[in-house]
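What follows is a short report on a single structure.
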Amino acid sequence: MNERRSPERSRVFVLGAEEEDVVTRCRDFTKRALTDWEWLPASDPDAEADAEDVLLLVSELVANARLHGGGPSSLLLRRTGDGLRVEVTDRSPTLPVLQPRSHPARPGGHGLLIVDRLARSWGAEPLDGGKRVWLEVSAPRGFVEAQDERSWWSRHRAKGQDHRAKGPDRGDHDRGDVGRSGAGRSRA
């Protein structure tokens, strides 16, 4: 495992081929990021439910990569102006397909239905040696991100929480709108 941290915009969790408890580890990684970005602890039950939805969505993408994609390679969390983008890469070139509803009592086959229901948008795109599956969610209800990043940093330095990484390996991987042209669905 290799965790690169940057409180500014993104966090990347690089995974090995046969990670133990990969879903749990990715949920924990995501929970730490949401806490650092002040999505958690939530200010009210609705915001708490929104953050729990993010943890469930991460679990679904990682579990699908583990079961169907040869294991996840990486998890990227990137704050956007109005929410969060989650990307999971794996080693399989086969893109996921949303299946018609399966019988609710039958185990399995519900992951993409959950993603489709909870995410604002989602999709997948091929990569060299695999694919990227991504989703986007809105920020929790009532969450207001600092408009000026300097203000955000001023608040955190005042609390003694300036965790900005130093040097070229700081983990700030702002790649633009990667994946918007991928297969998937977008909710209006």
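Count residues from 1 along the sequence. Small disclaimer: the values here were computed from a predicted structure and weren't measured.
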With rounding to the nearest 0.5 angstrom, report the CZ to CG distance, Arg117 to Leu56. 13.0 Å

State plainly whether one hydrophobic cluster holds both Leu127 and Trp122, where clusters connect Ile, Leu, Val, Met, Phe, Trp and Tyr through side-chain heavy atoms under 4.5 angstrom apart. no

Return yes if some donor-acceptor pair links the side-chain N/O of Arg91 with the main-chain N/O of Gly71 below 3.5 Å, else return no. yes

Does the side chain to side chain contact (heavy atoms under 4.5 Å, CB included) test come out yes or no for Thr30 and Val54, once each step is laid out? CA-CA 8 Å; Thr30 302; Val54 170; 4.0 Å; yes

Closest contact, heavy atoms only, Ile114 versus Leu57: O-CD2, 4.1 Å

Could you check if a side-chain atom of Glu60 sits within less than 4.5 angstrom of a side-chain atom of Leu118, using non-hydrogen atoms only? no

Out of curiosity, Leu76 CG to Leu84 CG, how far, rounded to the nearest 0.5 Å? 9.0 Å

Can you name the one residue among Lys131, Arg66, His68 that meets side-chain hydrogen bond (donor to acceptor under 3.5 Å, both in side chains) with Asp90? Lys131

Looking at CD of Glu87 and CG of Leu77, how far apart are the two atoms once the value is rounded to the nearest 0.5 Å? 9.5 Å

Indicate if Leu67 and Val23 have the same hydrophobic cluster label, given that clusters are the connected sets of ILVMFWY residues with side-chain heavy-atom separations under 4.5 angstrom. no

If you apply the rule side-chain hydrogen bond (donor to acceptor under 3.5 Å, both in side chains), what do you find for Arg85 with Thr80, and how did you get there? CA-CA 7 Å; Arg85 182 177 177 98; Thr80 62; over 6 Å; no

Measure across Ser138 and Trp39 and return the closest heavy-atom pair with its distance rounded to 0.1 Å. O-CH2, 4.0 Å

To the closest 0.5 Å, what do you measure between CG (Leu40) and CD (Glu48)? 6.0 Å

Gap between atom CD of Glu136 and atom CZ of Arg120 - 0.5 Å precision: 5.5 Å

Would you sort out whether Cys26 and Leu15 count as a side chain to side chain contact (heavy atoms under 4.5 Å, CB included), showing the intermediate values? CA-CA 9 Å; Cys26 287; Leu15 301 155; 3.9 Å; yes

Any Leu34 side-chain heavy atom under 4.5 Å of Leu55 side chain: yes

